[in-house]
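Have a look at the structure below, then the notes.
Note that these values count all heavy atoms, side chains included, but never hydrogens, waters or copies made by symmetry. Letters A, B, ... are given to chains in the order of the sequence lines, protein chains preceding strands, and every chain is numbered from 1. Because the structure is predicted, anything quoted here is derived from the model rather than measured.
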Amino acid sequence: MTAPRLRFPPAPSGWLHVGGARTALYNWLAARGGDGTFVLRIEDTDAERSDDAAMRGMLDSLRWLGLTWDEGPDIGGPHGPYLQSARRPLHDAVVRRLQEAGQAYEAFETAEELEADRQRAQEQGRPPGYSGAHRDLTPEQRAAYRAEGREAVVRARTPDEGTIAFDDAVRGTVEVGWDQISDFVIARADGSPTYYLANTVDDLAQGITLIARGEDLLNATPRQLLLADWLLDDTGGHSLLDEALAETGLVPRPDVPRPTYAHLPIIVGEDRKKLGKRHGSVAVDEYRDQGYLPEVMCNFLALLGWSYDDRTERFTVPELIERFSLDRVGRNPALFDTDKLRALNGDRIKELGDTELADRLVPFLIAADALPSHPTPAQRALLEGLAPLVRERIQTLAEAPPLIAWAFADEVTLDERSVAKHLKGRAGEVLDRAAAVLSEVEPWQAETILAGLDELCTELGLGRGKVMQPVRVAVTGSQVSPPLPETLALLDRDVVVARVRAARAHVTEPAEGS
RNA sequence: GGCCCCGUCAUCUAGCGGUCUAGGAUGCCAGCCUUUCAAGCUGGUUGCGCGGGUUCGAAUCCCGUCGGGGCCGCCA
């Protein structure tokens with residue numbers, strides 16, 4: 001059996017959509033798990049939608065997820081180019097040969113005319129596809145249209161009858177009648193190839209053996225299969241694709257089987273509709289910025305349409321590579337469930353060691369202005385001390401700064417609500433005594449601090465809550481923080497005591513007589 | 001409208017004729033724990049869209065029906 005060759009062919013339009021990321025992941029997993037090759041090809045045939053920055057963003061997002069490629073636009077490979085626009089000569093040659101062979105023809109309708117046709121068809125309840133009006137234009141008619149200043153698109157001549165069936169790794173056998181498929185455009189008026197053509201040609205030329213893509217492309221498959229038939233037919237000794245490849249100086253198509261297909265269920269939002277911008281974040285970058293870990297994204301994305309068994313749902317990336325298989329991909333739409341993502345992320349964070357968690361937290365604290373862009377060793381050490389205290393309390397990395405930013409600040413900002421709630425009643429007395437107790441605790445450790453505060457509880461006849469909360473607010477500025485004694489122990493004692501004293505001024509004294 | 005795909009708890013998912021009085025997870029609720037917030041532990045919650053058939057037996061197979069989604073572009 002030949003080694004599988006898989007690819008991810010994104011259009012460089014904008015950022016990497018989570019749906020695209022899932023597609024990329026599945027292909028990558030199939031490649032890595034099958035000892036195959038993963039190819040990245042950028043499909044920038046639509047010049048209007050393509051630019052360099054968008055492509056770089058795409059590559060960065062893939063790298064962040066850890067989806068490394070063996071052949072691609074940045075690293076090259078034996079079956080390049082990997083930028084689709086650079087393969088234009090090949091596409092042109094194929095289109096020309098298809099026309100010569102009578103499988104494709106020029107059509108001169110304008111976009112406006114076609115749009116009007118579609119409108120009319122819609123209103124009359126007819127199929128909205130192309131009528132085939134220009135299928136058999138004579139050379140004279142073509143010349144006349146050209147004389148009018150019209151430009152031609154090239155359309156593929158699809159069969160008028162019969163059906164096409166193909167085997168899909170996820171759906172099983174899919175069968176469609178050719179009467180449903182009208183002549184489709186393979187080259188635009190400006191000569192550039194459309195997705196149908198370029199994508200098919202490139203997959204074939206680059207020897208792709210398995211194509212996993214979204215279900216939204218299921219209906220595109222018959223057209224591509226038709227093209228593949230034409231391109232690969234070698235009854236004359238060599239195929240149309242071979243000739244085009246030779247003509248344009250590209251390497252021959254590798255000797256591999258024709259690609260098979262796997263159509264992945266679409267990803268839907270809470271409203272069960274295809275996931276889109278209205279559903280909130282759909283770019284993987286946004287999830288990165290919100291503090292989701294790349295390995296968790298892979299885990300979660302893998303679960304969007306795939307399952308391993310009836311109970312396992314957390315996988316490391318190596319486990320995914322080993323266990324993933326297309327035959328366990330489901331057919332139902334997959335719901336992008338953010339709660340589930342959060343839960344998985346929280347679980348993973350709990351597994352992180354102090355050093356690693358601190359490492360991953362740094363960029364988020366910098367982004368929150370809690371740390372300078374180059375933290376000092378002392379700040380770094382403090383963060384590592386704080387790491388075990390926040391670990392259980394956050395589900396995303398971005399949730400950490402609100403919890404611990406105060407520890408790096410020179411001055412605390414007291415939260416109004418926390419002050420109102422806890423710096424009242426006997427809080428003044430508590431703070432006075434706490435300042436005294438804390439200045440004397442020896443050594444300055446969590447255990448001794450706790451013991452000191454407990455003694456204070458006894459002395460004042462108060463519960464821990466009544467003592468701890470005022471101190472917590474005084475030192476951290478908030479009524480919510482990591483465990484107090486452990487936290488205090490990480491800080492400089494003088495700072496702690498000073499903050500406790502300073503907070504004294506914010507205490508609302510009890511009303512007269514109470 | 002045509003074609004294609006899909007239909008198990010609120011949500012995702014396991015289930016590929018008997019082991020299912022339907023399992024796991026997320027969410028939610030309650031209790032325990034407790035210095036705040038979490039975490040953890042324990043328990044609870046709700047489901048095979050509907051109607052026919054096939055079969056000794058159906059969540060699992062078939063048909064119909066209803067519902068949802070996808071695609072019908074000189075986007076990919």
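Of the possible polar contacts, one joining the A:Thr448 side chain to the A:Gln445 backbone as a donor-acceptor pair under 3.5 Å is found. In this structure, the side chain of A:Asn299 engages the main chain of A:Phe315 through a donor-acceptor pair within 3.5 Å. Under a 3.5 Å cut-off, the side chain of A:Arg493 and the backbone N or O of A:Leu438 do form a donor-acceptor pair. A donor-acceptor pair is defined here as one N or O able to donate and one able to accept, closer than 3.5 Å; no such pair exists between the side chain of A:Arg7 and the backbone of A:Asp203. At distances below 3.5 Å, at least one donor-acceptor pair connects side-chain atoms of A:Arg472 with backbone N or O atoms of A:Pro482. Proximity of a side-chain donor or acceptor of A:Trp69 to a complementary backbone N or O of A:Arg41 within less than 3.5 Å is not detected.
Comparing B:rG68 with B:rU8, their C1' atoms sit 15 Å apart, to the nearest whole Å. Rounded to the nearest Å, the gap between the C1' atom of B:rC20 and that of B:rU60 is 11 Å. B:rU42 and B:rG52: their C1' atoms are spaced 45 Å apart (whole Å). Rounded to whole Å, the P atom of B:rU13 lies 14 Å from the corresponding atom of B:rC6. B:rC4 and B:rC41 have their P atoms separated by 49 Å, given to the nearest Å. B:rA10 and B:rC5 have their C1' atoms separated by 24 Å, with the value rounded to a whole Å. Using C1' as the reference atom, B:rG67 and B:rC74 are 36 Å apart when rounded to the nearest Å. Comparing the P positions of B:rU36 and B:rU21 gives an interatomic distance of 45 Å, to the nearest angstrom.
Note on A:Tyr196: a base of the nucleic acid sits closer than 4.0 angstrom, heavy atoms only. Counting any heavy atom pair closer than 4.0 Å across all strands shown, A:Thr110 reaches a base atom. As judged by a 4.0 angstrom heavy-atom cut-off over every strand, A:Val153 is placed among the base-contacting residues. The residue A:Pro482 sits close to a base: some heavy atom pair falls under 4.0 Å. At a threshold of 4.0 angstrom between heavy atoms, the contacts of A:Glu109 include nucleobase atoms, whether or not backbone atoms are also involved. Residue contacts shown for A:Glu175 are limited to sugar-phosphate atoms, with no base heavy atom under 4.0 Å away. Across all strands, A:Leu484 comes closer than 4.0 Å to base atoms (heavy-atom distances). Within 4.0 Å of A:Arg472, counting heavy atoms only, lies at least one base atom of the nucleic acid. Across all strands shown, A:Ala111 has heavy atoms under 4.0 Å from base atoms, whether or not it also approaches the sugar-phosphate. In this structure, A:Glu313 reaches the sugar-phosphate backbone alone: every heavy-atom distance under 4.0 Å involves primed, P, OP1 or OP2 atoms, never a base. Backbone-only engagement by A:Arg155 is indicated by non-hydrogen atom pairs under 4.0 Å involving sugar-phosphate atoms exclusively. Residue A:Ser481 is classed as a base contact, given a heavy-atom separation below 4.0 Å to a base. Within the nucleic acid shown, A:Pro10 has no heavy atom closer than 4.0 Å to any nucleic acid atom.
Nucleotide B:rC16 holds its C1' atom 15 Å from the CG atom of A:Asp309, rounded to whole Å. At whole-Å resolution of the value, CG in A:Asp310 and C1' in B:rA59 are 15 Å apart. Atoms OH (A:Tyr308) and C1' (B:rG24) sit 15 Å apart, rounded to a whole Å. Between A:Tyr130 atom OH and B:rC3 atom P there is a gap of 23 Å when expressed in whole angstrom units. Atom CG of A:Leu386 and atom P of B:rC37 are 19 Å apart (whole Å). Taking atom CG of residue A:Leu217 and atom P of nucleotide B:rG69, one finds them 19 Å apart after rounding to whole Å. Remark: P of B:rG2 and CG of A:Asn219 are 15 Å apart, rounded to the nearest angstrom. Here B:rU13 presents its C1' atom at 17 Å from CG of A:Leu264, a figure rounded to the nearest Å.
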Between protein and nucleic acid, restricted to nucleotides 60-67 of chain B and to nitrogen or oxygen atoms under 3.5 Å apart, what atom pairs and distances do you find?
none

Shorter than 3.5 Å, N or O on both sides, protein versus nucleotides 39-47 of chain B: list them out with atom names.
unit_1, atom_1, unit_2, atom_2, d
B:rA39, O4', A:Glu392, O, 3.3
B:rA39, O2', A:Glu392, OE1, 2.6

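Ring pair A:Trp306/A:Phe324 is tilted by interplanar angle, where 30° to 60° counts as tilted. Classification of the A:His263-A:Phe166 ring pair by plane angle, with boundaries at 30° and 60°, yields perpendicular.
The listed nucleotides are B:rG73, B:rU36, B:rC71; the one nearest the side chain of A:Arg118 is B:rG73. With B:rA14, B:rC74, B:rG2 as the choices, the nucleotide that has an atom nearest any side-chain atom of A:Ala189 turns out to be B:rC74. In this structure, of B:rC3, B:rC12, B:rA14, it is B:rC12 that holds the atom nearest to the side chain of A:Leu335. For A:Leu218, whose side chain is taken as the heavy atoms from C-beta onward, the closest listed nucleotide among B:rC4, B:rU26, B:rG23 is B:rC4. Listed nucleotides B:rC6, B:rC37, B:rA14 differ in distance to A:Asn332; the shortest reach to its side chain belongs to B:rC6. Here the nucleotide nearest the side chain of A:Thr194, chosen from B:rG27, B:rC37, B:rC74, is B:rC74. The side chain of A:Arg171 lies closest to B:rC5, out of B:rA76, B:rC5, B:rG27. When distances run from any side-chain atom of A:Arg328 to the nucleotides B:rC5, B:rC3, B:rG15, the shortest one goes to B:rG15.
A:Ser478 and A:Asp415 share no side-chain donor-acceptor pair at under 3.5 Å. In this model, no donor atom of one side chain and acceptor atom of the other lie less than 3.5 Å apart for A:Tyr308 and A:Glu319. No hydrogens or angles considered: nothing links the side chains of A:Gln99 and A:Arg96 as a donor-acceptor pair under 3.5 Å.
Residue A:Arg331 places at least one side-chain N or O closer than 4.0 Å to OP1 or OP2 of B:rC6. When the side-chain nitrogen and oxygen atoms of A:Arg311 are compared with OP1 and OP2 of B:rU26, none of them lie within a distance under 4.0 Å.
Both distances falling under 3.5 Å, in either a Watson-Crick or a G-U wobble arrangement, place B:rC41 opposite B:rG31. When both distances must be under 3.5 Å, the Watson-Crick or G-U wobble mate of B:rC72 is B:rG1. Base pairing annotation: B:rC56 forms a Watson-Crick or G-U wobble pair with B:rG18, both donor-acceptor distances under 3.5 Å.
Contact annotation: the side chain of A:Gln84 never approaches that of A:Pro12 to less than 4.5 Å [non-hydrogen atoms, C-beta and beyond]. Side-chain contact between A:Leu226 and A:Tyr196 is absent, with no heavy-atom pair separated by less than 4.5 Å.
Both A:Ala334 and A:Pro485 lie close to RNA chain B; mapped to their nearest nucleotides by heavy-atom distance, the more 5′-ward contact belongs to A:Ala334. In terms of position along RNA chain B, the nucleotide closest to A:Trp306 lies nearer the 5' end than the nucleotide closest to the other residue of the pair A:Trp306 and A:Pro483.
A:Lys421 NZ: 12 or fewer foreign heavy atoms inside a 6.0 Å radius.
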